[in-house]
There are 2 protein chains.
Amino acid sequence: MASRPVLSRDVIVAASIGLIDRDGPERFTLRRLGRALGCDPTAIYRHFRDKDELLRGIADELISDLTADLPRDAGWRAVVAESCVRLRRALVAQPHLAAFARSGPPLHPNEFALTERLLAELHRAGLASRAAAAAYHALIELTVGSAALDTAVEALTPDERVATYAGWRRAYSTLDPVAHPWSVAAADHLYDGTAEDRFRYALDRLLDGIGGVPSATPGP
Amino acid sequence: MASRPVLSRDVIVAASIGLIDRDGPERFTLRRLGRALGCDPTAIYRHFRDKDELLRGIADELISDLTADLPRDAGWRAVVAESCVRLRRALVAQPHLAAFARSGPPLHPNEFALTERLLAELHRAGLASRAAAAAYHALIELTVGSAALDTAVEALTPDERVATYAGWRRAYSTLDPVAHPWSVAAADHLYDGTAEDRFRYALDRLLDGIGGVPSATPGP
DNA sequence: ACCTGAACACCGTTCAAGT
DNA sequence: ACCTGAACACCGTTCAAGT
């Protein structure tokens, strides 16, 4: 009668991702996860040693299909940009992923795949090994930084997020215009749009600087 | 008799920095801070609205004198690069600062000074307010990311650092060359040189992409 | 074998009360 | 004016007990 195996690693990871998607990573607690799963919070300890191991499991899952369905026929620039945008989304969704990145390079199957794809595309752009490696590092640095700066704000509700950005803009716009003329002048454009928009702009400027041959993808 | 004004913003910030240096940012709680200060933890709420405001105060203190002796007569590009390199060094030296940056800009005097100087130089480069703001965000994202990726390695001794980088390179060079040809090919150039070297390269590429008028500084 | 529920040692924050 | 201390609503985690 009693359907026994309610919980499993996969079920817990899937529910965790759903919960993080809905409430943000900051509100992700084992107590809430237990409530979402309809079980006691401590039941999770039957499947994961502690919260950190669960977060690693989530991180692996979030990175798993990062390179899965990247366009095969797009230009190198579009593929590189899309890869970085996806990595950034994964990092924002799971801040502990960024903490892992801090302690070293990927060195895991899914992440080797991402590095390989980025290096391949940079070679396709015409960069030699040394320049490709340097460009790869630059891209990862920008992506990790953008994600790190965005994690806290991303945890807010859309309304709160808009209010937060507006508050920051206002802080710059109301500075003493004699001491901070350029901050006041630029205030309306600081923290404008979404964080991903700002990242895409930064990424475009970096890719401009990296150069490489024009993408072979057909123009608009 | 009773010496009344035991607490002040400065005293609290100084004690916080000491506590973070000693125990690490993860263990920094108001209850521990209260114990370190010899007062009730909630007394801090007399001087800071909440923990977040305290963290901003700490971050601003750690950033102080960053813009103090920046060259006045150098080209915009040199000043921007030097500012970012210094900010990166501060972030690497005080990893907790990066964690604070996540919760938003400090919105305090020293941070405002840095932002103002960067925006001013970007205007000097010929960028209008919107482009200057976007470029500013891009520079901060790259700087924070580079610092975040470097903190763990920077904590090692020089020998350990060299060994760590060599180990990472080896991880890439010994991948299956059929599945990861470009990783194997680029392995010798991954994590090459110092992290600051890599950052300077990335910064140069980003500044190339940002464009702007050529710096007025005399050439070498 | 798997899950529960009480318990422990923590958090940030509020607020009435003290001096 | 400044600080205390109890209280509230949370955390992650352990462990004996249930089924």
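Throughout, protein chains are lettered first and strands after them, A, B, ... in sequence-line order, and every chain is numbered starting at 1. The figures here come from the full heavy-atom set of this structure, side chains too, leaving out hydrogens, waters and symmetry mates.
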Fill in: Heavy-atom pair of closest approach, residues B:Ser183 and A:Leu119
CA-CD1, 3.7 Å
Worksheet item: A:Arg31 or A:Asp40: which one's nearest nucleotide on DNA chain C is closer to the 5' end?
Response: A:Asp40
Rounded to the nearest angstrom, tell me the gap between atom [atom1] in [X] and atom [atom2] in [N].
| X | N | atom1 | atom2 | answer |
| --- | --- | --- | --- | --- |
| B:Leu33 | C:dC10 | CG | P | 17 Å |
| A:Phe48 | C:dC3 | CZ | P | 12 Å |
| B:Arg35 | D:dG5 | CZ | P | 15 Å |
| B:Leu30 | C:dC10 | CG | C1' | 13 Å |
| A:Glu26 | D:dC11 | CD | C1' | 14 Å |
| B:Lys51 | C:dT13 | NZ | P | 8 Å |
| B:Arg46 | C:dT13 | CZ | P | 15 Å |
| A:Ile12 | C:dC2 | CD1 | P | 11 Å |

Worksheet item: With a distance cut-off below 6.0 Å to the six-membered ring centre and an angular limit of 45° from the axis, does B:Arg198 pair with B:Tyr165 as a cation-pi contact?
Response: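 Output yes; distance and angle both within limits.
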Item to complete: Can you tell me the pairing partner of D:dC15 across any strand shown, Watson-Crick or G-U wobble, with both distances under 3.5 angstrom?
Response: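 The answer is C:dG5, by the H-bond criterion.
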Worksheet item: In the structure shown, which nucleotide is the Watson-Crick or G-U wobble counterpart of D:dC10, with both distances under 3.5 Å?
Response: none
Item to complete: Please state the P separation for the pair C:dA9 and D:dA9 - nearest whole angstrom.
Response: 22 Å
Item to complete: Identify whether the distance between the nearest side-chain nitrogen and carboxylate oxygen of B:Glu111 and B:Arg56 falls below 4.0 Å.
Response: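 So B:Glu111 does not pair with B:Arg56 through a salt bridge.
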Item to complete: Could you tell me how the ring of B:Tyr172 sits relative to the ring of A:Phe112: parallel (under 30°), tilted (30 to 60°) or perpendicular (over 60°)?
Response: perpendicular
Discussion item. For a quick test of reading the model: is some side-chain N or O of B:His47 closer than 4.0 Å to OP1 or OP2 of D:dC2?
Written reply: no
Worksheet item: Which of the following nucleotides, C:dT13, C:dC8, C:dC3, is nearest to the side chain of A:Ala43?
Response: C:dC3
Worksheet entry | OG1-CD1 distance between A:Thr115 and A:Ile140, expressed to the nearest 0.5 angstrom |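 The distance works out to 6.0 Å.
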Fill in: Comparing A:Arg32 and A:Thr42 on DNA chain D - which has the more 5′ nearest nucleotide
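Looking at DNA chain D, the more 5' nearest nucleotide goes with A:Arg32.
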